[in-house]
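Worksheet: the structure to be examined is printed underneath.
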Amino acid sequence: MATNLIGTLIQAGGIYALTWVVWRLSRRYTMKSPLDNIPGPRPTSMIFGNLKDMDDSVTMWKLQEDLMTKWNGVVKLKGFLNENMLYVFDPVAAYNVLLRDHYVYESPHFARSWSKILFGDGVFAVTGSQHKAQRKMMNPLFSIAQLRSITPTFQNVAKKLCAAITTQVQSRRTDSGEIDVLDWLSRAALELIGQGGLGYSFDQLVEDKPNELGDAIKNIAPSLSGGLLSYGDVISTLDVFGDSSSFKLRLLDSIPFKQVKQLVSCIRTIHDGCQNIYEEKKAALMAGEDATVHQVGEGKDIMSVLLKANLEAVEQDRLSENEVIGQMCSLVFAASDTTSSALARTLHILAQHQDIQDKLREEILKASNNSGAENLSYDEIVDLPYLDAICRETLRLYPPVGLIFKETNEDTILPFSKPIVGIDGSLISEIPVPKGTKVFVGITASNRTPELWGEDALEWKPERWLSTLPRQVLDAKIPGVYANLLTFSGGGRACIGFKFSQLEMKVILSTLIESFRFKPSKNHSEIYWNATRIVTPSIGPGNSPTMPMEVTLIKDD
Ligand code: HEM
Ligand SMILES: *[C@@H]1O[C@H](CO)[C@@H](O)[C@H](O)[C@H]1NC(C)=O
Ligand SMILES: *[C@@H]1O[C@H](CO)[C@@H](O)[C@H](O)[C@H]1NC(C)=O
Ligand SMILES: *[C@@H]1O[C@H](CO)[C@@H](O)[C@H](O)[C@H]1NC(C)=O
Ligand SMILES: *[C@@H]1O[C@H](CO)[C@@H](O)[C@H](O)[C@H]1NC(C)=O
């Protein structure tokens, strides 16, 4: 019965999809668009335009370089079936997309449908007033007071990480060994958001692997990547079957591909896992203070605070159970791979600059010595100037997420800071952008613009943060929430966790650099950074994520 129904639906869906394709095609090739006059690179595929290049790491780096150097901050790209899209990094254009008109430039339809299937009604899936309401409930969870209170939790995870790495290094007979630093960093990142965000331990950082829920979360990104952009539009046509995620999940499950089956099984594990954590938290909260403080994170984690605030909120501000569980899944997903990517990149660069690594170590040792306490306080950690400069400079030059992807939900006008030359030779200083246009904001490109950051924009120089930034940077009104950079985006959909993430990075880095010396791997001194989604290191194109390094204990240095 059920399979019959699904079969009929798939047929109906097929006919619908075909009609849709023919209609879109005829419209795209015949209708004039205001974007036709915007210059841009030649598409590499008739069907997928420039999208295939963006889905492939090797071509993506080339395309990105091309977009940054050959064009002027506003570029046209071709999408699925000759669709016109925009790629912008001009500061005024970025300001309009991310800040001024951020409810016009929404997260794209297909990304929201996917998020809803993956994580339910969390921030990634909702728009408009529902999104605004969720952010309002969640913003206080990322306050400085909240960060102060979870600092010891982070330090505890950092100490476990050190112990684990020490054990692995010492098992190499000599006190220096090559280890996969990425593996440890991603386990630590998951544990940090687990303990600090959910009040839940995924991974004690001692045994071989994280638990089933941790594994499922780690597997989501790899099973999604490849073709996500290219097939995005096709995926969002699933929406004709209605809004029910459980139905879409059943539909996906009926597709006889191993990769899809794996994905569905991961999604189920994540839903059940988050639901269970939610039930436990709620029960503890109902049972009162005593029960809460005995949990992981002692009730100081983000979710415990959210549940409490939610119970106390007035009716119309309150999040539904579905929304709260949606937030849990969304946060873990948003926090883990981004953080481990940023940490891996920082250690990789420090390994290549031993002098800077030494100077940083000196700063940390001096602070520990001056503090006298066993652990540095929140203020002592965030105030370390050299560590701060190193984090900023790494996140400037090497943002873990290189692109922000938006889609207009109504017609609008996009102005730029300086006119560009159209294909017909005319000067254009603003363009009408039709409803439904996909717009990419180039994070990497904005962070590296030589006109803003200077001739040395492509060099990694932490010192640039120790004096005043160039006038042009300060005057450009770059819409980023962090350090005049777009690394954590900006506006109403900026990264909610950027301060949380800074604290994570600083706690982990200060603890690791105090205890170990990091050097490039002897066997794999070249590290390849895969840019298909969140930038990830490996030993070469086509290899799975890993970052071997030579690690030495400092006390025996
Ligand atoms: C170095 C680490 C991180 C980087 C580079 C990063 C970057 C970003 C970026 C670029 C966005 C905007 C995405 C878009 O609009 O397409 C974003 C959104 C978001 N990030 Fe982060 N992030 C990091 C860490 C974290 C952490 C640790 C958390 C949670 C504790 C977090 C939670 C979120 C959430 C919930 C959103 C969605 C906000 C919304 O749609 O309203 N992120 N992040
Ligand atoms: C320092 O941190 C460790 C691990 O996080 C903790 O066990 C210890 O109690 C802390 N020490 C002080 C004095 O707070
Ligand atoms: C490095 O390569 C050499 C020779 O190929 C090998 O013997 C050695 O085990 C490798 N070291 C590590 C840590 O992988
Ligand atoms: C730590 O402090 C003591 C006295 O306050 C000083 O003698 C020592 O040199 C300091 N060590 C470092 C590494 O700064
Ligand atoms: C980049 O990562 C994706 C997803 O893990 C993988 O499918 C692809 O082969 C990788 N590309 C390169 C060049 O390593």
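Every number for a ligand or one of its atoms is a count from 1 in the order of the listing. Just so it is clear, the structure is predicted and the values come from calculations on it, not from any experiment.
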Identify the closest protein heavy atom to [atom]: which residue and atom is it, and at what distance?
{"atom": "atom 29 (C) of ligand 1", "result": "Ala335 CB, 3.7 Å"}
{"atom": "atom 37 (C) of ligand 1", "result": "Phe124 CE2, 3.4 Å"}
{"atom": "atom 4 (C) of ligand 1", "result": "Phe488 CE2, 3.4 Å"}
{"atom": "atom 1 (C) of ligand 1", "result": "Ser501 OG, 3.4 Å"}
{"atom": "atom 13 (C) of ligand 2", "result": "Glu374 OE1, 3.7 Å"}
{"atom": "atom 24 (C) of ligand 1", "result": "Thr338 OG1, 3.4 Å"}
{"atom": "atom 35 (C) of ligand 1", "result": "Ile496 CG2, 3.6 Å"}
{"atom": "atom 12 (C) of ligand 2", "result": "Asn375 ND2, 3.4 Å"}
{"atom": "atom 14 (C) of ligand 1", "result": "Ile404 CG2, 3.8 Å"}
{"atom": "atom 18 (C) of ligand 1", "result": "Cys495 CA, 3.5 Å"}

Using the ring-ring contact (aromatic ring centres under 6.0 Å, His included) rule, take Phe405 and Phe440 through it: C-alpha gap first, then chi angles, then the decisive distance, then the call. CA-CA 5 Å; Phe405 192 6; Phe440 296 93; 4.4 Å; yes

Shortest non-hydrogen contact from Val97 to Lys406?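 Minimum heavy-atom contact is CG1-CG, 4.1 Å.
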
Under-4.0 Å heavy-atom contact between protein and atom 7 (O) of ligand 2: no

What part of [X], side chain, backbone, both or neither, has a heavy atom within less than 4.0 angstrom of ligand 1?
{"X": "Phe142", "value": "side chain"}
{"X": "Ser107", "value": "neither"}
{"X": "Pro400", "value": "side chain"}
{"X": "Ile302", "value": "neither"}

Do Thr444 and Gln64 meet the criterion of a side-chain donor-acceptor pair at a distance under 3.5 Å?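 Looking only at side-chain atoms, Gln64 and Thr444 do form a donor-acceptor pair, the distance falling under 3.5 Å.
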
Say whether Trp529 and Thr536, considering side chains only, have a donor N or O and an acceptor N or O under 3.5 Å apart. no

Consider every N or O of Gly542 and every N or O of ligand 5, then say whether any pair is closer than 3.5 Å. yes

I want to know if ligand 5 touches Asn530 in the polar sense, i.e. an N/O pair below 3.5 angstrom. yes

What is the distance from atom [atom1] of [X] to atom [atom2] of [Y], rounded to the nearest 0.5 Å?
{"X": "Leu503", "Y": "Gln146", "atom1": "CG", "atom2": "CD", "answer": "11.0 Å"}
{"X": "Asn96", "Y": "His102", "atom1": "CG", "atom2": "NE2", "answer": "12.0 Å"}
{"X": "Arg464", "Y": "Leu469", "atom1": "CZ", "atom2": "CG", "answer": "9.0 Å"}
{"X": "Lys218", "Y": "Leu213", "atom1": "NZ", "atom2": "CG", "answer": "11.5 Å"}
{"X": "Leu67", "Y": "Phe89", "atom1": "CG", "atom2": "CZ", "answer": "7.5 Å"}

Pair Phe154 and Phe500, ring centroids less than 6.0 Å apart: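 Close enough - the centres of the two rings lie under 6.0 Å apart.
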
Tell me whether the centres of the aromatic rings in Tyr278 and Tyr200 are closer together than 6.0 Å. no

Establish, yes or no, whether the cationic atom of Arg396 lies under 6.0 Å from the six-membered ring centre of Trp453 and within 45° of the ring axis. yes

Is the Lys NZ or Arg CZ of Arg392 less than 6.0 Å from the centre of Tyr482's six-membered ring, within 45° of the axis?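 That pair qualifies as a cation-pi contact.
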
As an exercise, identify every atom of ligand 5 less than 4.0 angstrom from a heavy atom of Pro541.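 Listed by number with element: 13 (C), 14 (O).
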
Number the atoms of ligand 5 from 1 as they appear, then name those within less than 4.0 Å of a heavy atom of Val58, with their elements. 13 (C)

Contact partition for Asn156 relative to ligand 2, non-hydrogen atoms under 4.0 Å: both

Before accepting this row, confirm whether a basic side-chain N of the pair [X]/[Y] lies closer than 4.0 Å to the acidic partner's carboxylate O.
{"X": "Lys62", "Y": "Asp53", "result": "no"}
{"X": "Glu191", "Y": "Lys160", "result": "no"}
{"X": "Arg361", "Y": "Glu514", "result": "no"}

Numbered atoms and elements of ligand 1 in range of [X], under 4.0 angstrom, heavy atoms:
{"X": "Val123", "result": "35 (C)"}
{"X": "Ser489", "result": "12 (C)"}
{"X": "Ala494", "result": "38 (C)"}
{"X": "Ile193", "result": "30 (C)"}
{"X": "Thr487", "result": "5 (C), 7 (C), 10 (C)"}
{"X": "Lys406", "result": "15 (O)"}
{"X": "Arg135", "result": "38 (C), 39 (C), 41 (O)"}
{"X": "Glu504", "result": "27 (C)"}

Say whether, by atom type as modelled, one donor and one acceptor occur between the side chain of Ser113 and the main chain of His109 under 3.5 angstrom.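 A pair under 3.5 Å: yes.
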
Compute the minimum heavy-atom distance from Gln327 to ligand 1 and say whether it is under 4.0 Å. no

Apply salt bridge (charged side-chain N to carboxylate O under 4.0 Å, His left out) to Asp301 and Lys281, showing your working. CA-CA 11 Å; Asp301 60 278; Lys281 300 258 120 177; 3.4 Å; yes

Backbone, side chain, both or neither: what part of Asp56 comes under 4.0 angstrom of ligand 5, heavy atoms only?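 Within the 4.0 Å criterion, Asp56 makes no contact with ligand 5.
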
Report the member of His131, Arg345, Met505, Arg493 with the shortest heavy-atom distance to atom 41 (O) of ligand 1. His131

